[in-house]
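Presented below is the structure to which this report refers.
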Amino acid sequence: MPLDHNWFTEVHQDIGSAFSLQVKQKVFSEQSPYQLVEVYDTTGFGKFMVIDGCTMVSTRENFIYHEMLSHPVLFTHPRPKRVAIIGGGDCGTLREVLRHPGVEKCTQIDIDEVVTRAAQLHFPELCESNDDPRAELLFSDGIQWMQDAPAGSLDVVIVDSTDPVGPGEVLFTPEFFRACLRALADDGLIVQQSESPLVHLDLIRRMYASYRAAGFNAVQTLFFPQPIYPTGWWSATLAGKSGGLDRFRETDARAKPFPTRYYNADIHRAALAQPEFFREAMQGNT
Ligand code: SAM
């Protein structure tokens with residue numbers, strides 16, 4: 001059935017697949033100096049943000065991504081207080097980070113204020129912690145901010161970026177990882193959205209190699225479903241200066257003093273399990 005104008009479709013030419021959502025209307029569209037930001041009202045997934053034609057966030061299932069990009073790394077770090085989010089302009093990851101009472105400061109650096117403005121208009125629930133006194137929202141290029149950050153001034157870096165194209169490309173480079181390594185304290189951790197484990201293995205392999213080249217000694221990938229992203233299966237990759245990324249503060253995670261809809265200690269443990277094909281593909285890189 002050919003799809004008409006009532007459907008948004010993202011075509012993944014490289015893998016011969018496509019993803020579609022039935023839309024009621026487009027409710028936001030603005031070309032920024034960096035990218036085209038659009039928001040649709042859909043029939044089954046609530047509001048839906050698209051950047052440069054790529055699916056970003058939907059009301060219905062964003063909680064999985066935002067929770068998996070924040071809680072695993074924060075419960076892996078011994079006592080996270082100083083956090084930086086690179087990207088994350090929809091503010092959903094910021095909200096999850098600030099659920100942790102031990103976090104004293106969280107700085108979000110997104111290159112494009114249009115994304116945050118679109119989120120404030122159409123995803124207000126994601127922006128509910130923007131006025132938290134611990135939150136700082138900045139709009140600049142993440143690599144420049146990280147290169148200017150004082151050495152050892154951060155406990156956790158979360159890279160909630162677009163795909164490695166356009167403005168997001170630089171966030172997948174050894175230069176950026178080196179800047180993160182310098183800005184992180186000795187027990188500091190970085191986590192980054194690392195695309196689909198099924199069809200982006202080459203990118204993930206390159207990320208492992210770049211993390212190592214930058215000086216990170218331990219790398220670990222977590223897996224989770226994400227319905228609106230290519231293949232519906234996504235990942236987040238952690239790196240640290242010392243090992244033990246497959247261990248976390250399980251008792252604290254079980255007693256977490258805040259609600260979640262996807263994340264819990266069992267989900268965390270399960271997300272650490274490495275599929276055979278992935279383990280083989282990363283052989284020699286881990
Ligand atoms: N969940 C989405 C994904 O996996 O595709 C990412 C969501 S978040 C909206 C991505 C953000 O990265 C965007 O707001 C974009 O402006 C930001 N971004 C891209 N390149 C950047 C850069 N070099 N520095 C800071 N933010 C950047």
Side-chain angles (χ1 to χ4, degrees), residues 10 12 19 28 30-39 45 47-70 84-97 107-123 126-127 130 136-149 157-173 175-177 179-180 183 190-197 199-200 203-204 207 222-237 262:
E10 178 185 355
H12 317 125
F19 173 81
F28 183 95
E30 187 167 332
Q31 176 65 52
S32 81
Y34 309 99
Q35 50 210 356
L36 173 62
V37 181
E38 298 168 297
V39 178
F45 277 61
K47 293 290 178 62
F48 172 52
M49 184 189 289
V50 174
I51 294 179
D52 285 344
C54 298
T55 60
M56 284 296 132
V57 178
S58 85
T59 307
R60 183 167 193 165
E61 41 77 87
N62 74 74
F63 63 94
I64 303 173
Y65 175 89
H66 289 130
E67 290 182 12
M68 290 306 286
L69 215 63
S70 43
I85 300 171
I86 303 296
D90 57 75
C91 303
T93 301
L94 176 69
R95 181 188 67 177
E96 296 307 314
V97 168
T107 306
Q108 177 177 289
I109 308 96
D110 196 289
I111 201 167
D112 194 345
E113 61 83 27
V114 174
V115 176
T116 300
R117 189 149 41 76
Q120 283 162 336
L121 284 171
H122 296 290
F123 298 86
L126 297 183
C127 302
N130 288 15
E136 181 186 27
L137 277 71
L138 304 176
F139 297 101
S140 68
D141 194 337
I143 190 165
Q144 193 53 57
W145 185 87
M146 196 58 77
Q147 286 167 339
D148 298 341
V157 172
I158 300 176
V159 187
D160 177 1
S161 74
T162 42
D163 305 325
V165 291
E169 192 170 0
V170 69
L171 303 178
F172 291 80
T173 61
E175 291 74 37
F176 175 66
F177 297 153
C180 292
I190 180 172
V191 65
Q192 177 160 29
Q193 73 88 3
S194 47
E195 312 267 317
S196 164
V199 295
H200 299 127
L203 169 75
I204 301 175
M207 287 173 71
L222 295 102
F223 307 89
F224 51 94
Q226 202 65 53
I228 69 167
Y229 291 164
T231 74
W233 189 28
W234 219 237
S235 68
T237 295
Y262 183 78

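Start at 1 and go down the list; that is how both ligands and their atoms are numbered. Side chains are part of it too, since the values below use all heavy atoms of this structure and drop only hydrogens, waters and symmetry mates.
Of all protein heavy atoms, the one closest to atom 9 (C) of ligand 1 is Asp90 OD2, 3.3 Å.
Any N or O atom pair closer than 3.5 Å counts here, and Asp163 shares no such pair with ligand 1. Considering backbone and side-chain N/O of Ile111, one or more are found under 3.5 Å from N/O of ligand 1. Considering backbone and side-chain atoms together, Gln35 places an N or O closer than 3.5 Å to an N or O of ligand 1. In terms of N/O distances under 3.5 Å, ligand 1 is not approached by Ile51. Some N or O of Pro167 is nearer than 3.5 Å to an N or O of ligand 1, by distance alone. Looking at Tyr65 next to ligand 1, an N or O pair under 3.5 Å apart turns up.
Here the closest heavy-atom approach between residue Gly87 and residue Gln108 is recorded as O-CG, 3.4 Å. Shortest non-hydrogen contact noted between Pro197 and Ile204 is CA-CD1, 3.9 Å.
The side-chain heavy atoms of Arg95 and His66, taken from C-beta on, include no pair separated by under 4.5 Å. Between Val39 and Phe123 there is a side-chain heavy-atom pair separated by less than 4.5 Å.
Both the backbone and the side chain of Thr162 come within 4.0 Å of ligand 1, judged by heavy-atom distances.
Proximity of Tyr229 to ligand 1 is established by a heavy-atom distance of less than 4.0 Å.
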